[in-house]
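Let me begin by presenting the structure, written as structure tokens, before commenting on it.
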Amino acid sequence: MTARLSAITLNTFREAIRDRILYNLVLFVLFLLASAPLFSQISIGLEKQMLVNVGLSSISLFGVIIAIFIGIGLVSKEIEKKTLYTILSRPVRRWEFIAGKYFGLLLTLAVNAALMTVGFYGALLIFIHGLKRADAMLLVAVYFILLQFMMMVALTLLFSTFSSPIFSAIFAFALFVIGTFGEDLKNFAAISQGAMKWLAMATAYIVPNFASLNVISRVVHEQNVGGNLIIFNTLYALLYSVAITAAAVLIFERRNLK
Amino acid sequence: MHAIEIEDLSKDYAVGFWKKRLRPALKPLNLNVEAGETFGFLGPNGAGKTTTLKLLMGIIFPTSGSAKILGKDCLDPEVKQKIGFLPEQPYFYDYLSAPELLDYYGRLSGMSATERKERIVKLLDRVGLSDVGSKHLRKFSKGMLQRVGIAQAIIHDPQVVFLDEPMSGLDPVGRYEVRELIQALKDEGKTIFFSTHILSDAEALCDRVAVIHKGELRGVGVVNDFRSSIAEQTEVIWLSAGALAAVTNLLTDTHVTGDTVRGTVKSADLDRLLEKLRQQGARLISVTPIHRTLEDYFMSKTREETKETVSL
Amino acid sequence: MNTRGKVTVICSVLLAVLFAGSIMLRQQVEKVRGTQATLEDTLYLPSSKTLRRMSLGYSSLLGDIYWTRAVQYFGDRHLRGARNYELLYPLLDITTDLDPHLIVSYETGSIFLSQRSPEGAGQPDKAVTLVEKGIRENPEYWRLYFTLGFIHYMDRHDFKAAQQAFEKGSEIHGALPWMKVMAARMAEKGDDPGTATYLWKTIYDTTADKSIKESAAKHLISLRADLDMDELEKRAQAYHERFKAFPETWQDLVRAGLLRGIPIDPNGTPYKLGPAGTVQAEDPKQFPYLERHVAK
């Protein structure tokens, strides 16, 4: 089982690499380098804040975009192109296929984020001349971004098992936006009545809670992120991702391919 | 234990806007294939050949019935270790090279690293792709892809090999080579189940054939019967229709045109017929042994009406 | 059970259990963060101009979101008995920058701002700034002048400014005639409890917000109680004039023909007759807005 799982994971990773997805890193670096000198023009004394803001937000945004673009095709592309035929004729269990695809994309995003973080620290060194202990907190922000990726990949994978790429992309993007405003959805539920209230509450709990995984503003102002928060968020992301992936397996197990 | 045992296997598709109507892609199929046999699965396009193979591979799920391969349910992942599959017009990950693809598939089929290393080189040589190096599959021609397909079907040395239209897209040289390859597999004692609509290939390679048409099995025949040099029946043509009355009971088939009679007689009864005709004074025009070809068999089976004839 | 059956069972269980678990954990996360953490985070943003640009044309949607956040911020703190609401004005400012035509945020938000703490933020001057912004952006909406006048009268006790507000509002096309009436009352009887009663009644009838409605109701019964007690003290004085002594119980006044029965407050509890003819409410906590008859 592990041999098959790791084979599928690594092959999915290989596919992403050969798809020239890592070129986005070049864009990222260029973007950072180009915008950094602008920061000092905009606001004196706020250079570091802006750099951290832009850097972390880009890592998050680029990653989510890649998660969506590759995620929506993880299963649907293989069904469409019939490459699954020669996979399913082998001792590969359908759930192993889903799990392998999940880990493969997650690995891709993690590597991507790691490289970006290195570049980001590099930019910090260059433009801000030196790091402080507090900058270790930035890694917590990146970790939370990775937790977001965990959930996004599970969701796009789920959509990929039953929906066409276009709809999957729309749903995934919508969920990302709604998830970011998760807290506001609950606020809205609190002030509404009746059916609307239940609908808003239900939606607020089903969509991923990206709002609490976004600690970018906090680390920008060099505030601490509590250990409790880290643990609870990790568990939350973990349970959510596995649950959604289980749903993906359920659907794929039953699916008659083309 | 049969190598392949198919029992009442059927597949219906829900069609129409509301998915209410059922279109039977495969009517309940009963078929057995013995170990070591090369079995041809013949039928025109859209007959249900690929549907059957997809059911056997677990790519689609049956509406009813089941199938066993080497004694185990065909959906059992364990048994997949021992089978190989070449789909029709196969698609592979085009960003991989041939050795990478085979290595990947080998891993998925449970081969060890050393096994893979050994067999990949030998196999690529065997299918005539020894000089592709690290070229990505994206750049392969149809014929080259077909060869890769065969390679991946046998890399893990399976006992039963399933081929869907293995000759499609190949030029005459390619087809010859694939035929040789299948023959070699046959000589190794593997069970081969292949679907095709090219009768000459089936005739050359198969031990038995099944004819399928419009989702229904029409007949199963032994190929040797069609190759037999001893004709089962003989066609006799003579002048003088008057002689007909005396020999009618010997004939299995008769056509009369003017004074010429064309009759078919079982080869065992030939001598008696000729003797009787001589006695009647009929003038013989020709005596021709009839070799029933596979083609005839095929055509007859596909033209037959089914038991449930649809009325217009 | 074959492989597929096993996988189905395991995955269904995983799905149900883990999803439920994730919801519980999510609640934990939110507890740790605090319900308005996003809010506090967002106030670090440079300015609403930047925010507006960033919202890519969806600024009124974002305005709505900020309005809901403002309401939650206020309601949450109010429930917990907070005494200051320092983020309220910045929130309302951002909201109205994003959507200058979100009338409810001016009308309701300014009342949250102007009311005395802990009912409100106790910042009537900021409330005035907010409403004036609303008037600038929505000059044809005359009811904002009512709000403005109300704030000047109630919380800033500036009768002249209140009168001007009602006056200007009454001149706008579509304004109801009582705006002119209000302007007149401001000029003549600024101090009159009847004016206050009228204003609060109008707020009670027209507001969209539940908490403001409740506040208006409380103001109204306090006004009623104050007026009652004014009258009762007058009767006690009349008694003193007649009998050269203050009444000890309500029965004294009834026997003297000055009262018909035991006087009760708007909640049905009898008033308390104190020494020297003073009158107070039995339970002053029920009338938080008493102006005159409060214990020292």
Side-chain angles (χ1 to χ4, degrees), chain A residues 42-43 46 49-50 53 93-96 98 151 180-192 204-206 208-209 211-218 220-221 223 226-254, chain C residues 2-47 50 54 56 58 61-62 64-76 79 208-211:
Chain A
I42 293 178
S43 42
L46 277 180
Q49 281 187 7
M50 296 238 65
N53 236 321
R93 277 79 172 157
R94 286 200 181 200
W95 73 263
E96 287 173 346
I98 296 286
M151 297 199 281
T180 310
F181 285 106
E183 232 166 56
D184 297 297
L185 199 53
K186 290 187 81 194
N187 286 346
F188 177 68
I191 59 177
S192 38
Y205 277 113
I206 294 178
N209 185 8
S212 41
L213 282 171
N214 192 333
V215 292
I216 296 182
S217 337
R218 281 206 211 184
V220 163
H221 294 276
Q223 286 184 338
N228 265 356
L229 191 61
I230 296 179
I231 295 177
F232 287 138
N233 261 329
T234 305
L235 288 174
Y236 169 65
L238 204 63
L239 265 62
Y240 188 90
S241 307
V242 178
I244 299 292
T245 309
V249 171
L250 277 175
I251 295 182
F252 187 58
E253 278 281 327
R254 277 167 178 57
Chain C
N2 64 5
T3 331
R4 200 166 140 206
K6 265 197 287 188
V7 173
T8 306
V9 169
I10 295 178
C11 283
S12 310
V13 169
L14 277 179
L15 176 58
V17 170
L18 294 184
F19 199 77
S22 78
I23 293 185
M24 290 196 296
L25 273 163
R26 185 196 174 125
Q27 288 175 323
Q28 284 295 86
V29 168
E30 286 167 358
K31 225 168 38 170
V32 171
R33 276 190 91 209
T35 47
Q36 297 309 316
T38 311
L39 194 94
E40 284 149 17
D41 288 347
T42 62
L43 292 173
Y44 287 123
L45 285 165
S47 74
T50 319
M54 272 167 39
L56 301 166
Y58 290 96
L61 178 61
L62 213 54
D64 288 344
I65 291 177
Y66 270 88
W67 169 238
T68 11
R69 287 182 183 179
V71 171
Q72 272 307 101
Y73 172 77
F74 183 74
D76 203 51
L79 213 63
D209 184 83
K210 224 171 30 166
S211 69

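Not measured: the values here are computed from a predicted model. Below, read A as the first sequence line, B as the second, and so on, with proteins coming before strands; counting in each chain starts at 1.
The choice from A:L229, A:L238, A:V249 that makes the most heavy-atom pairs within less than 4.5 Å of chain C is A:L229. Most heavy-atom pairs under 4.5 Å with chain C: of the set A:L185, A:N228, A:L235, this distinction falls to A:L235.
In terms of modelled atom types and a separation under 3.5 Å, the side chain of A:N233 and the main chain of A:S212 share a donor-acceptor contact. A donor-acceptor distance shorter than 3.5 angstrom exists from the side chain of A:E96 to the backbone of A:R93, with no hydrogens or angles considered. A donor-acceptor pair under 3.5 Å links the side-chain atoms of A:Y240 to the main chain of A:I206, judged by distance alone. A:Y236 places a side-chain N or O within 3.5 Å of a backbone atom of A:N209 that can act as its donor or acceptor partner.
Both the backbone and the side chain of A:R254 come within contact range of chain C, each with at least one heavy atom under 4.5 Å from a heavy atom of that chain.
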